[in-house]
Protein chains: 2
Amino acid sequence: MEKITTVVPKSLEEAYTFLKSRIHERMVIIVVGNCRVEYEGRAASRISEGERILIIKKDKAVLLHRPFGYEPINWQPSSSIVSISLQKDSVRMDFIRDRPHEVLRLEFRDIFFIGCYRIEDHAVFEMYGCEKDMQEAIVLEPEAIEDGLNILEVEKKISCGVIDVYGMDKDGRIVIMELKKDKAGKEAVLQLKRYVNVIGRELGKNRVRGILVAPDVKSDAFKLLKELNLEFKRFTPKMARRIIRKHKVKTIDKY
Amino acid sequence: MEKITTVVPKSLEEAYTFLKSRIHERMVIIVVGNCRVEYEGRAASRISEGERILIIKKDKAVLLHRPFGYEPINWQPSSSIVSISLQKDSVRMDFIRDRPHEVLRLEFRDIFFIGCYRIEDHAVFEMYGCEKDMQEAIVLEPEAIEDGLNILEVEKKISCGVIDVYGMDKDGRIVIMELKKDKAGKEAVLQLKRYVNVIGRELGKNRVRGILVAPDVKSDAFKLLKELNLEFKRFTPKMARRIIRKHKVKTIDKY
DNA sequence: GCCTAGGTCCCGTTA
DNA sequence: TAACGGGGCCTAGGC
């Protein structure tokens, strides 16, 4: 059970024999070779022969990469069922998943390289600067939005969706906040408007304000916002991070 | 200039020397090793040490994959600027892109394997069963949607977006069609509503119809559709393919 | 450059 | 299970 095994096969038969013995094991397998591809499932695709890189991961996620570009040209999400067979002039691999039923078939006319890697990665991935951070920061420090604001609820579920942050201003009016980590577009404005309408119908229109909270708004979206009598407050993921860090320090200081 | 070169380096120095000499060449490089990662750009992330697979493509698209899962844990889209350096206990690689400015830094504490592949892939990728197919089919055979329908325009640009298919029904009313290849949700309904509003304001509300054309609608979306006085017509990518194939045969028959 | 919209999007969360 | 929204989404097409 070596950590790494690599083969530069001299024939398709050799490649097939090697792959067959490992393809069902829980390891990462990389195959470099010339293949054509057919996919059928939610959509359908085909591509004729070309030199590509196939990655089969431990969880049977499958990626077929061209020598350029960020995205795989074909793929199968994790838990696909793998089968391999030796054809007359090719090594065929089928990757099948159910729900939805999708079949990815590779036909390798040539295999240049096979690598098998028994690798482990249990680290925890940490991400900052996402919408969740903005929400957390506003809860910690509502005055970052405006003085006298009180947060009543986050992720408040209403009939037609979820309100990111729900609060009350110093004059007792309800404040509905829609957060965006990027420059906000029209959908964000209309989303906010729907929430304001629903709550407005319940509590009375002039008792409800809607604030789009984002680093920026697209110009058309800003026009729409004004037309719909909504507000905009600039707030960025970076500002959120600063607030969160500050409050973490405070919490630590207490002890 | 071999097509494939692989190395199982005995030291970080060896790995560094090898990588340094090839990392700027137009080839695909795969590195398997133990690294930690920091990313800063639109957001920020960090992950501590773990065994991962790095792929640097010919166009300097960069993918860092864990041994499981479909998605890369960190990445850089094509055209990133690559640099590599030997640190005290690690090989460091920086991948930088501008607009937006983003930095991805990998710190390899251990490198198990390096592979370099000079591969070519010029094949054309063909995809079927996408929204474009539905559009094409409706143009070829408008009666697939309803009798007496006339198509006037596709991809019609209006102030707030693009109308997939724009036509006129047998009674002379404008028909705005929003296509979805999958079960349609609320966004699709709202998208359609926006277009109908805009055109309705121009031509008069009762002169304009909106039809959501999709294989299915989500139940809440259907309610919303009815409330907003819009229509639904079932139409699938498969039905579209059949129509397109039929018309291709006809075209061939002519000659 | 910005904006719009699609994607075999994937993925997590929740009713 | 379906529905909904986020994402460093990426990518293509317009203007």
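Chain identifiers are assigned alphabetically (A, B, ...) following the order of the sequence lines, protein sequences preceding nucleic acid strands; residue numbering begins at 1 within each chain. These values consider heavy atoms only, across backbone and side chains, with no hydrogens, waters or symmetry-generated copies. Keep in mind it's a predicted model, so treat the numbers as computed, not measured.
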[X] [atom1] to [N] [atom2], straight-line distance once rounded to whole Å:
X       : N       : atom1 : atom2 : value
I163(B) : dA5(C)  : CD1   : C1'   : 14 Å
D220(A) : dC3(C)  : CG    : C1'   : 8 Å
K157(A) : dT14(C) : NZ    : P     : 6 Å

Tell me whether [X] at atom [atom1] has more than 12 heavy atoms from other residues, nucleotides or ligands lying less than 6.0 Å away.
X       : atom1 : result
R97(A)  : CZ    : yes
R46(B)  : CZ    : no
N229(B) : CG    : no

Gap in Å between the two [atom1] atoms, one belonging to [N] and one to [M], rounded:
N      : M      : atom1 : result
dG5(D) : dC9(D) : C1'   : 13 Å
dG7(C) : dG6(D) : C1'   : 15 Å
dT8(C) : dT4(C) : P     : 22 Å

With heavy atoms under 4.0 Å as the rule, sort G41(B) into base, sugar-phosphate or nothing. nothing
Evaluate the side-chain contact (heavy atoms from CB on, under 4.5 Å) criterion for residues V217(B) and R234(B): first the C-alpha distance (whole Å), next the side-chain angles of each, then the deciding distance (0.1 Å), finally the verdict. CA-CA 9 Å; V217(B) 212; R234(B) 200 183 100 86; over 6 Å; no
Pair partner, dC4(D) [Watson-Crick or wobble, under 3.5 Å]: dG12(C)
Which ones in residues 44-79 of chain B lie close to DNA chain C, meaning a heavy atom under 4.0 Å from one of its atoms? Y70(B), E71(B)
Members of residues 121-139 of chain A that approach DNA chain C, where some heavy atom sits under 4.0 Å away: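 Result for residues 121-139 of chain A: none.
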Mind checking whether [X] and [Y] have side chains closer than 4.5 Å, heavy atoms only?
X       : Y       : answer
K156(B) : I158(B) : yes
I199(B) : I163(B) : yes
R52(A)  : I47(A)  : yes
V165(B) : I211(B) : no

Heavy-atom nearest nucleotide on DNA chain D for V217(B) versus D164(A): which residue maps closer to 5'? V217(B)
Which nucleotide in the set dA15(C), dT8(C), dA5(C) lies at the smallest distance from any side-chain heavy atom of Y195(B)?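 Ranking dA15(C), dT8(C), dA5(C) by closest atom to the Y195(B) side chain puts dA5(C) first.
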Measure up the W75(B) and Y70(A) rings against each other and bin them: parallel (under 30°), tilted (30 to 60°), perpendicular (over 60°).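 Rings of W75(B) and Y70(A): tilted, 30 to 60°.
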Before you tell me yes or no, could you show the steps for L149(A) and M177(A) under side-chain contact (heavy atoms from CB on, under 4.5 Å), namely the whole-Å CA-CA distance, both residues' side-chain angles and the distance that decides it to 0.1 Å? CA-CA 11 Å; L149(A) 179 66; M177(A) 283 160 272; 3.9 Å; yes
Reading DNA chain C from 5' onward, which residue's closest nucleotide shows up sooner: R194(B) or D182(B)?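 The residue whose closest nucleotide sits nearer the 5' end is R194(B).
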Spatial distance of atom NZ (K157(A)) from atom OH (Y166(A)) [nearest 0.5 Å]: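 These two atoms lie 14.0 Å from each other.
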Short side-chain N/O contact from K183(A) to OP1 or OP2 of dC3(C), under 4.0 Å: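 For K183(A), the contact criterion (side-chain N or O under 4.0 Å from OP1 or OP2 of dC3(C)) is met.
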If the cut-off is 4.0 Å, is R99(A) near the phosphate of dT8(C), judged by side-chain N/O to OP1 or OP2? no
With heavy atoms of chain A within less than 4.0 Å as the criterion, where does contact along DNA chain D begin and end?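 Range of nucleotides within reach of chain A: dT1(D) to dT11(D).
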Could you walk me through whether E155(B) and K132(B) pass the side-chain contact (heavy atoms from CB on, under 4.5 Å) test, one step at a time? CA-CA 10 Å; E155(B) 306 280 338; K132(B) 266 273 161 302; 2.9 Å; yes
